[in-house]
Asker: 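Below is one structure. I have some questions about it.
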Amino acid sequence: DVYKRQRQGCHLCEEALLVTAAACAEFGLIHQEVDISEDAAMTAQFAEELPVLRIDGAVRDFWRFDPHRLRRLLREATSRT
């Protein structure tokens, strides 16, 4: 599973969405977005690291997602299944 935690109106989140959507499409994966603005616990946990990328439950990146790194992480994750 590929999750991206975000906040509405965040330019880094918008950029990360484009990178994540393109990489997931290449691997035939569907990503899920989670808007943390309505969840106080998630806002406290991720306030300084948005957007944050989780793959299979593990935090793998935050702020700016490097497309090459993301593809490598997805390749590694899909090879384990």
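Heads up: numbering here begins at 1 and tracks the sequence. Model, not experiment: these values are computed from the prediction.
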Asker: Looking at Pro67 and Val19, what are the two nearest heavy atoms and their distance?
Answerer: CA-CG1, 3.9 Å

Asker: Sequence neighbours left out, what passes salt bridge (Lys or Arg N to Asp or Glu O under 4.0 Å) with Arg72? Give chain and number order.
Answerer: Glu76

Asker: List the steps, then state whether side-chain contact (heavy atoms from CB on, under 4.5 Å) holds for His31 with Leu17.
Answerer: CA-CA 9 Å; His31 69 281; Leu17 175 60; 3.3 Å; yes

Asker: Tell me the closest heavy-atom pair linking Leu74 and Cys24, and the distance in Å.
Answerer: CD1-N, 4.1 Å

Asker: Does Arg69 use its side chain to pair, donor to acceptor, with the backbone of Arg60 at less than 3.5 Å?
Answerer: yes

Asker: Measuring from Thr20:OG1 to Leu29:CG, what's the distance to the nearest 0.5 Å?
Answerer: 11.5 Å

Asker: Rounded to the nearest 0.5 Å, what separates atom CG in Leu73 from atom CG in Asp61?
Answerer: 7.0 Å

Asker: What I'd like to find out is whether the side chain of Phe65 reaches to under 4.5 Å of the side chain of Glu15, using heavy atoms alone.
Answerer: no

Asker: Give the minimum heavy-atom separation between Phe27 and Thr78, together with the two atoms involved.
Answerer: CD2-OG1, 4.1 Å

Asker: Any chain of hydrophobic side-chain contacts (each under 4.5 Å) joining Trp63 to Leu18?
Answerer: no

Asker: Does the side chain of Leu53 reach to within under 4.5 Å of the side chain of Leu70, using non-hydrogen atoms?
Answerer: yes

Asker: Looking at residues at least two apart in the chain, or sitting in another chain, which of them share a side chain to side chain contact (heavy atoms under 4.5 Å, CB included) with Leu12?
Answerer: Cys10, Pro51, Arg64

Asker: Mind checking what makes side chain to side chain donor-acceptor pair (under 3.5 Å) contact with Arg75, not counting sequence neighbours?
Answerer: none

